[in-house]
Amino acid sequence: MDETIAEFFKRTILKIPLTKMMTVLKAWDFLSESQLQTINFRQRKESLVQDLVQLCESKRASLHDAALLDIVCEDVDLFDMEQFKTSFEKILRRALKNVTVSFRDAEENSVWVRIAWGTQFRKPNQYKPVYVVYYAQTPYAFTSFCQLRSNMPLLLQALTVASNHHKIVKMDLRSRHLDSLKAIVFRQYNQTFETHNCTTPLQETLALDMHMDSRIIHENRIEKERVQRVTQETFGDYPQPRLEFAQYTLETKFKSEFHEGILAERKEPLRCLIKFSSPHLLEALKSLAPAGIADAPLSPLLTCIPNKAMNYFKIRDK
(Lines give C-alpha, C1' and ligand atoms only; values in the text may rest on other atoms or scores of the structure.)
Protein backbone atom coordinates (compact mmCIF):
# COMPACT_ATOMS: atom_id res chain seq x y z
CA MET A 1 0.00 0.00 0.00
CA ASP A 2 1.61 3.26 -1.10
CA GLU A 3 1.71 6.49 0.92
CA THR A 4 -1.22 8.06 -0.92
CA ILE A 5 -3.60 5.23 -0.03
CA ALA A 6 -2.27 5.10 3.54
CA GLU A 7 -2.90 8.83 3.95
CA PHE A 8 -6.43 8.38 2.55
CA PHE A 9 -7.10 5.65 5.11
CA LYS A 10 -5.68 7.82 7.89
CA ARG A 11 -7.84 10.83 7.06
CA THR A 12 -10.96 8.70 6.63
CA ILE A 13 -10.51 6.93 9.97
CA LEU A 14 -9.69 10.19 11.76
CA LYS A 15 -13.10 11.64 10.95
CA ILE A 16 -14.88 8.69 12.60
CA PRO A 17 -15.87 9.46 16.23
CA LEU A 18 -14.47 6.96 18.74
CA THR A 19 -18.01 6.11 19.84
CA LYS A 20 -18.88 5.05 16.27
CA MET A 21 -15.54 3.46 15.31
CA MET A 22 -16.51 -0.18 15.86
CA THR A 23 -19.90 0.31 14.17
CA VAL A 24 -18.28 1.75 11.04
CA LEU A 25 -15.52 -0.87 10.84
CA LYS A 26 -18.03 -3.71 11.19
CA ALA A 27 -20.24 -2.15 8.51
CA TRP A 28 -17.16 -1.85 6.26
CA ASP A 29 -16.64 -5.64 6.63
CA PHE A 30 -13.00 -5.55 5.51
CA LEU A 31 -11.38 -6.48 8.81
CA SER A 32 -12.47 -9.70 10.49
CA GLU A 33 -13.83 -9.91 14.02
CA SER A 34 -10.61 -11.58 15.24
CA GLN A 35 -8.50 -8.83 13.65
CA LEU A 36 -10.58 -6.11 15.30
CA GLN A 37 -10.08 -7.81 18.66
CA THR A 38 -6.34 -7.29 18.35
CA ILE A 39 -6.82 -3.52 18.33
CA ASN A 40 -6.92 -1.48 21.55
CA PHE A 41 -9.87 0.87 21.04
CA ARG A 42 -9.27 2.58 24.39
CA GLN A 43 -5.95 4.16 23.42
CA ARG A 44 -5.50 7.68 22.08
CA LYS A 45 -7.12 8.23 18.73
CA GLU A 46 -3.86 9.01 16.93
CA SER A 47 -2.38 5.68 18.08
CA LEU A 48 -5.60 3.84 17.24
CA VAL A 49 -5.60 5.25 13.71
CA GLN A 50 -1.98 4.25 13.22
CA ASP A 51 -2.72 0.67 14.34
CA LEU A 52 -5.72 0.43 12.01
CA VAL A 53 -3.75 1.76 9.04
CA GLN A 54 -0.98 -0.78 9.69
CA LEU A 55 -3.57 -3.55 9.91
CA CYS A 56 -5.09 -2.46 6.59
CA GLU A 57 -1.59 -2.36 5.09
CA SER A 58 -0.89 -5.91 6.26
CA LYS A 59 -4.08 -7.00 4.50
CA ARG A 60 -2.94 -5.19 1.34
CA ALA A 61 -5.92 -2.87 1.29
CA SER A 62 -6.46 -1.11 -2.02
CA LEU A 63 -7.76 2.30 -3.01
CA HIS A 64 -11.09 0.59 -3.72
CA ASP A 65 -11.23 -0.64 -0.10
CA ALA A 66 -10.47 2.86 1.17
CA ALA A 67 -13.22 4.27 -1.03
CA LEU A 68 -15.69 1.72 0.37
CA LEU A 69 -14.76 2.79 3.89
CA ASP A 70 -15.39 6.41 2.92
CA ILE A 71 -18.82 5.44 1.55
CA VAL A 72 -19.66 3.61 4.80
CA CYS A 73 -18.68 6.74 6.74
CA GLU A 74 -21.15 8.77 4.66
CA ASP A 75 -23.87 6.16 5.06
CA VAL A 76 -23.57 5.75 8.83
CA ASP A 77 -24.70 8.62 11.05
CA LEU A 78 -21.37 9.71 12.51
CA PHE A 79 -22.60 12.82 14.27
CA ASP A 80 -22.18 12.64 18.02
CA MET A 81 -24.62 15.07 19.65
CA GLU A 82 -23.04 14.73 23.10
CA GLN A 83 -19.64 15.56 21.65
CA PHE A 84 -21.18 18.60 19.93
CA LYS A 85 -22.60 19.85 23.25
CA THR A 86 -19.33 19.33 25.12
CA SER A 87 -17.25 21.04 22.44
CA PHE A 88 -19.70 23.93 22.02
CA GLU A 89 -19.85 24.72 25.75
CA LYS A 90 -16.08 24.32 26.20
CA ILE A 91 -15.36 26.90 23.47
CA LEU A 92 -17.73 29.46 24.99
CA ARG A 93 -16.43 28.98 28.54
CA ARG A 94 -12.82 29.15 27.39
CA ALA A 95 -13.43 32.61 25.94
CA LEU A 96 -15.99 33.90 28.45
CA LYS A 97 -16.06 32.99 32.13
CA ASN A 98 -19.59 34.16 32.92
CA VAL A 99 -21.90 32.30 30.54
CA THR A 100 -24.72 29.82 31.09
CA VAL A 101 -25.32 27.18 28.42
CA SER A 102 -28.29 24.79 28.45
CA PHE A 103 -29.25 22.13 25.88
CA ARG A 104 -32.46 20.34 24.98
CA ASP A 105 -32.59 17.57 22.39
CA ALA A 106 -35.39 18.03 19.88
CA GLU A 107 -36.92 16.20 16.94
CA GLU A 108 -35.29 15.67 13.54
CA ASN A 109 -31.83 15.19 15.10
CA SER A 110 -31.68 18.79 16.30
CA VAL A 111 -30.74 20.48 19.55
CA TRP A 112 -31.98 23.69 21.19
CA VAL A 113 -29.30 25.75 22.91
CA ARG A 114 -30.05 28.50 25.43
CA ILE A 115 -27.20 30.91 26.12
CA ALA A 116 -27.27 33.56 28.84
CA TRP A 117 -24.39 35.95 28.24
CA GLY A 118 -22.41 37.67 30.94
CA THR A 119 -19.17 39.63 30.85
CA GLN A 120 -15.83 39.20 32.53
CA PHE A 121 -17.19 41.15 35.51
CA ARG A 122 -20.96 40.50 35.40
CA LYS A 123 -22.97 37.36 35.88
CA PRO A 124 -25.06 36.02 32.96
CA ASN A 125 -28.28 37.92 32.30
CA GLN A 126 -30.90 35.16 32.48
CA TYR A 127 -33.66 37.51 31.30
CA LYS A 128 -32.12 38.19 27.88
CA PRO A 129 -30.82 34.84 26.57
CA VAL A 130 -30.16 33.94 22.96
CA TYR A 131 -31.64 30.74 21.56
CA VAL A 132 -29.97 28.61 18.91
CA VAL A 133 -31.37 25.61 17.04
CA TYR A 134 -28.80 23.44 15.31
CA TYR A 135 -29.63 20.53 12.98
CA ALA A 136 -26.99 17.81 13.05
CA GLN A 137 -24.68 17.36 10.05
CA THR A 138 -25.78 20.60 8.37
CA PRO A 139 -23.99 23.96 8.04
CA TYR A 140 -27.13 25.78 9.23
CA ALA A 141 -28.12 27.14 12.64
CA PHE A 142 -31.09 29.34 13.53
CA THR A 143 -30.59 31.99 16.19
CA SER A 144 -32.82 34.44 17.98
CA PHE A 145 -31.87 38.10 18.33
CA CYS A 146 -28.68 38.55 20.34
CA GLN A 147 -28.55 41.64 22.57
CA LEU A 148 -24.75 41.50 22.74
CA ARG A 149 -23.82 41.66 19.06
CA SER A 150 -20.14 41.53 19.98
CA ASN A 151 -20.62 37.90 21.09
CA MET A 152 -21.92 36.72 17.70
CA PRO A 153 -18.43 35.93 16.28
CA LEU A 154 -17.77 33.75 19.34
CA LEU A 155 -21.13 32.00 18.91
CA LEU A 156 -20.42 31.33 15.21
CA GLN A 157 -16.94 30.02 16.06
CA ALA A 158 -18.37 27.62 18.65
CA LEU A 159 -20.98 26.35 16.17
CA THR A 160 -18.40 25.92 13.40
CA VAL A 161 -15.91 23.98 15.51
CA ALA A 162 -18.45 21.86 17.39
CA SER A 163 -20.30 20.87 14.22
CA ASN A 164 -17.08 19.92 12.38
CA HIS A 165 -17.90 22.22 9.47
CA HIS A 166 -15.57 24.64 7.74
CA LYS A 167 -18.10 27.39 8.24
CA ILE A 168 -21.67 28.01 9.34
CA VAL A 169 -23.62 29.74 6.59
CA LYS A 170 -24.83 33.23 7.48
CA MET A 171 -27.96 34.02 5.50
CA ASP A 172 -29.96 37.21 4.99
CA LEU A 173 -33.15 35.52 6.14
CA ARG A 174 -35.32 36.53 9.10
CA SER A 175 -38.65 35.32 10.46
CA ARG A 176 -40.43 34.64 13.73
CA HIS A 177 -41.50 31.23 12.48
CA LEU A 178 -38.81 28.55 12.79
CA ASP A 179 -40.76 26.01 10.73
CA SER A 180 -40.90 28.43 7.79
CA LEU A 181 -37.19 29.25 8.01
CA LYS A 182 -36.40 25.54 8.11
CA ALA A 183 -38.72 24.85 5.16
CA ILE A 184 -36.99 27.51 3.04
CA VAL A 185 -33.39 26.63 3.98
CA PHE A 186 -33.84 22.85 3.67
CA ARG A 187 -36.18 23.10 0.64
CA GLN A 188 -38.87 21.18 2.48
CA TYR A 189 -41.87 22.94 0.97
CA ASN A 190 -43.40 21.56 -2.23
CA GLN A 191 -41.55 23.04 -5.20
CA THR A 192 -43.35 21.08 -7.92
CA PHE A 193 -45.23 23.80 -9.69
CA GLU A 194 -48.30 22.23 -11.23
CA THR A 195 -50.02 23.91 -14.14
CA HIS A 196 -53.56 22.83 -14.80
CA ASN A 197 -56.83 24.22 -16.09
CA CYS A 198 -58.65 26.64 -13.86
CA THR A 199 -61.78 25.09 -12.39
CA THR A 200 -62.91 28.18 -10.48
CA PRO A 201 -66.22 29.44 -11.91
CA LEU A 202 -65.76 32.97 -13.18
CA GLN A 203 -69.29 33.62 -14.35
CA GLU A 204 -70.51 34.93 -11.02
CA THR A 205 -68.01 37.81 -11.12
CA LEU A 206 -67.93 38.46 -14.87
CA ALA A 207 -71.54 38.15 -15.89
CA LEU A 208 -73.22 40.32 -13.27
CA ASP A 209 -73.80 43.10 -15.76
CA MET A 210 -76.11 41.63 -18.40
CA HIS A 211 -75.50 44.64 -20.64
CA MET A 212 -71.70 44.09 -20.78
CA ASP A 213 -70.31 43.36 -24.24
CA SER A 214 -69.71 39.58 -24.62
CA ARG A 215 -66.28 40.28 -26.14
CA ILE A 216 -65.23 42.14 -22.98
CA ILE A 217 -66.47 39.24 -20.84
CA HIS A 218 -64.41 36.85 -22.97
CA GLU A 219 -61.28 39.00 -22.69
CA ASN A 220 -61.70 39.36 -18.93
CA ARG A 221 -62.11 35.61 -18.53
CA ILE A 222 -58.98 34.89 -20.58
CA GLU A 223 -56.98 37.47 -18.64
CA LYS A 224 -58.12 36.14 -15.25
CA GLU A 225 -57.25 32.61 -16.29
CA ARG A 226 -53.82 33.81 -17.43
CA VAL A 227 -53.19 35.63 -14.15
CA GLN A 228 -54.22 32.59 -12.15
CA ARG A 229 -52.04 30.29 -14.26
CA VAL A 230 -48.98 32.57 -14.01
CA THR A 231 -49.46 32.98 -10.25
CA GLN A 232 -49.66 29.22 -9.81
CA GLU A 233 -46.55 28.69 -11.95
CA THR A 234 -44.69 31.28 -9.87
CA PHE A 235 -45.75 30.37 -6.34
CA GLY A 236 -46.98 26.81 -6.76
CA ASP A 237 -50.20 25.28 -5.49
CA TYR A 238 -49.30 24.94 -1.81
CA PRO A 239 -49.13 27.09 1.35
CA GLN A 240 -46.21 29.51 1.38
CA PRO A 241 -43.58 29.64 4.15
CA ARG A 242 -44.42 32.34 6.66
CA LEU A 243 -42.25 35.48 6.56
CA GLU A 244 -43.20 38.88 7.96
CA PHE A 245 -41.17 41.21 5.76
CA ALA A 246 -38.76 41.70 2.88
CA GLN A 247 -36.27 44.56 2.87
CA TYR A 248 -34.53 46.06 -0.17
CA THR A 249 -31.64 48.51 0.06
CA LEU A 250 -31.13 50.36 -3.22
CA GLU A 251 -27.87 52.10 -4.10
CA THR A 252 -27.62 54.08 -7.32
CA LYS A 253 -25.79 57.07 -8.70
CA PHE A 254 -27.55 60.06 -10.18
CA LYS A 255 -27.51 59.95 -13.98
CA SER A 256 -28.25 62.95 -16.17
CA GLU A 257 -27.28 64.37 -19.54
CA PHE A 258 -26.54 67.64 -17.78
CA HIS A 259 -23.42 67.28 -15.65
CA GLU A 260 -24.31 70.10 -13.33
CA GLY A 261 -25.94 70.50 -9.95
CA ILE A 262 -25.52 69.06 -6.49
CA LEU A 263 -26.69 65.53 -7.39
CA ALA A 264 -24.48 65.29 -10.47
CA GLU A 265 -21.41 66.21 -8.40
CA ARG A 266 -22.28 63.79 -5.61
CA LYS A 267 -19.74 60.95 -5.40
CA GLU A 268 -21.60 58.89 -2.82
CA PRO A 269 -24.46 56.74 -4.18
CA LEU A 270 -28.06 57.61 -3.41
CA ARG A 271 -29.54 55.14 -0.95
CA CYS A 272 -33.14 54.12 -0.55
CA LEU A 273 -34.71 51.55 1.78
CA ILE A 274 -37.92 49.77 0.75
CA LYS A 275 -39.66 47.40 3.12
CA PHE A 276 -42.66 45.16 2.47
CA SER A 277 -44.36 43.87 5.61
CA SER A 278 -47.32 41.63 6.27
CA PRO A 279 -48.32 38.97 8.83
CA HIS A 280 -47.87 36.50 5.95
CA LEU A 281 -45.83 38.25 3.27
CA LEU A 282 -45.50 35.47 0.65
CA GLU A 283 -49.23 34.69 0.71
CA ALA A 284 -49.91 38.43 0.40
CA LEU A 285 -47.60 38.68 -2.62
CA LYS A 286 -49.25 35.61 -4.11
CA SER A 287 -52.67 37.30 -3.91
CA LEU A 288 -51.66 40.64 -5.51
CA ALA A 289 -52.11 39.75 -9.19
CA PRO A 290 -55.37 37.73 -8.76
CA ALA A 291 -56.79 40.69 -6.79
CA GLY A 292 -55.92 43.07 -9.63
CA ILE A 293 -53.49 45.09 -7.48
CA ALA A 294 -50.39 44.17 -9.52
CA ASP A 295 -49.55 42.81 -12.95
CA ALA A 296 -48.65 39.18 -13.49
CA PRO A 297 -45.98 37.97 -13.27
CA LEU A 298 -44.62 39.88 -10.30
CA SER A 299 -41.08 41.19 -10.27
CA PRO A 300 -38.45 38.45 -9.71
CA LEU A 301 -37.18 40.55 -6.79
CA LEU A 302 -40.41 39.65 -4.99
CA THR A 303 -40.89 36.08 -6.17
CA CYS A 304 -37.28 34.92 -5.62
CA ILE A 305 -37.43 35.14 -1.82
CA PRO A 306 -37.94 31.39 -1.11
CA ASN A 307 -35.54 30.19 -3.82
CA LYS A 308 -32.76 32.56 -2.77
CA ALA A 309 -33.54 31.89 0.92
CA MET A 310 -33.23 35.55 1.83
CA ASN A 311 -35.44 38.52 2.62
CA TYR A 312 -32.69 41.15 2.93
CA PHE A 313 -31.54 42.42 -0.47
CA LYS A 314 -28.95 44.96 -1.58
CA ILE A 315 -29.42 46.25 -5.12
CA ARG A 316 -26.60 48.21 -6.72
CA ASP A 317 -25.87 49.67 -10.13
CA LYS A 318 -24.02 47.31 -12.47
Side-chain angles (χ1 to χ4, degrees), residues 140 142-143 145 169-209 212-213 215-256 263 269-318:
Y140 299 103
F142 303 92
T143 71
F145 178 74
V169 178
K170 186 177 180 181
M171 307 181 73
D172 293 319
L173 184 65
R174 312 281 190 278
S175 176
R176 296 178 181 176
H177 302 274
L178 177 61
D179 288 342
S180 293
L181 290 174
K182 187 178 67 173
I184 292 174
V185 170
F186 295 141
R187 308 289 182 182
Q188 292 177 335
Y189 62 94
N190 181 7
Q191 297 185 86
T192 305
F193 299 155
E194 299 178 0
T195 304
H196 50 77
N197 294 329
C198 174
T199 57
T200 305
L202 302 176
Q203 287 80 3
E204 64 267 27
T205 57
L206 298 180
L208 293 177
D209 188 349
M212 185 180 291
D213 192 315
R215 290 171 296 180
I216 296 177
I217 294 176
H218 179 67
E219 282 190 19
N220 284 347
R221 180 181 292 112
I222 292 175
E223 176 60 17
K224 285 217 169 188
E225 289 177 353
R226 185 194 72 82
V227 169
Q228 191 161 2
R229 183 182 67 253
V230 170
T231 300
Q232 200 164 55
E233 290 173 352
T234 303
F235 290 93
D237 190 16
Y238 53 87
Q240 300 296 301
R242 196 176 186 114
L243 301 176
E244 297 83 28
F245 68 92
Q247 182 172 302
Y248 300 82
T249 302
L250 309 181
E251 293 186 3
T252 184
K253 289 193 175 181
F254 181 76
K255 298 180 179 66
S256 173
L263 292 179
L270 300 172
R271 293 181 176 87
C272 175
L273 180 66
I274 301 174
K275 187 173 182 178
F276 296 87
S277 60
S278 168
H280 202 327
L281 179 66
L282 295 179
E283 285 291 349
L285 293 175
K286 185 178 179 180
S287 67
L288 288 179
I293 300 174
D295 294 332
L298 296 179
S299 167
L301 289 173
L302 296 173
T303 59
C304 74
I305 294 172
N307 289 331
K308 286 187 177 292
M310 58 191 299
N311 55 353
Y312 278 81
F313 296 87
K314 287 185 178 181
I315 305 170
R316 297 183 176 93
D317 286 338
K318 293 183 178 179

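Since the model is a prediction, treat every value here as computed from it, not as a measurement.
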_What verdict does the side-chain contact (heavy atoms from CB on, under 4.5 Å) test give for Val185 and Met171, after you've listed the backbone C-alpha separation in whole Å, the side-chain angles of each residue and the deciding distance to 0.1 Å?_
CA-CA 9 Å; Val185 170; Met171 307 181 73; 4.0 Å; yes
_If I take atom OG1 from residue Thr303 and atom CD from residue Glu233, how far apart are they, to the nearest 0.5 angstrom?_
12.5 Å
*Residues in ring-ring contact (aromatic ring centres under 6.0 Å, His included) with Phe245, at least two apart?*
Tyr312
Tabulate below the donor-acceptor pairs under 3.5 Å that side-chain atoms of residues 271-281 make, not counting sequence neighbours, or state none.
{"residue": "Arg271", "atom": "NE", "partner": "Glu251", "partner atom": "OE2", "Å": "3.4"}
{"residue": "Ser278", "atom": "OG", "partner": "His280", "partner atom": "N", "Å": "3.2"}

*Any donor and acceptor pair, going by atom type alone, linking the side chain of Gln247 with main-chain N or O of Phe313 inside 3.5 Å?*
no
*Leu173 to Asn311 - nearest heavy-atom pair and separation*: CA-OD1, 3.2 Å
*State, yes or no, whether a side-chain contact exists between Leu302 and Tyr248 at a heavy-atom distance under 4.5 Å.*
yes
_Could you measure the distance from the CG atom of Leu301 to the NZ atom of Lys308? Nearest 0.5 Å is fine._
9.0 Å
*Please test Thr252 against Ile315 for side-chain contact (heavy atoms from CB on, under 4.5 Å), starting from the C-alpha separation and ending with a verdict.*
CA-CA 8 Å; Thr252 184; Ile315 305 170; over 6 Å; no
*Below 4.5 Å, heavy atoms only, C-beta onward: do Arg226 and Glu223 meet side chain to side chain?*
yes
*Only pairs at least two apart or in different chains count here, so list each salt bridge (charged side-chain N to carboxylate O under 4.0 Å, His left out) that has a residue in residues 177-186.*
Glu108-Lys182
*asked:* Please enumerate all residues that pass side chain to side chain donor-acceptor pair (under 3.5 Å) together with Arg176, with sequence neighbours excluded.
replied: none
*Looking only at heavy atoms, what is the nearest atom pair of Ile184 and Pro306, with distance?*
CG2-O, 3.5 Å
*For Arg174, check salt bridge (charged side-chain N to carboxylate O under 4.0 Å, His left out) against everything at least two apart and list the hits.*
none
With a cut-off of 3.5 Å and sequence neighbours excluded, list every side-chain donor-acceptor pair involving residues 284-295.
{"residue": "Lys286", "atom": "NZ", "partner": "Gly236", "partner atom": "O", "Å": "3.1"}
{"residue": "Lys286", "atom": "NZ", "partner": "Tyr238", "partner atom": "O", "Å": "3.4"}
{"residue": "Ser287", "atom": "OG", "partner": "Ala284", "partner atom": "O", "Å": "2.8"}

*asked:* Run Thr234 and Leu298 through side-chain contact (heavy atoms from CB on, under 4.5 Å) and show every step you take.
replied: CA-CA 9 Å; Thr234 303; Leu298 296 179; 6.0 Å; no
*Determine the minimum heavy-atom distance between Gln240 and Glu283, stating which atoms define it.*
N-OE2, 3.0 Å
*Exam field: side chain Ser180 to backbone Arg242, donor-acceptor pair closer than 3.5 Å*: yes
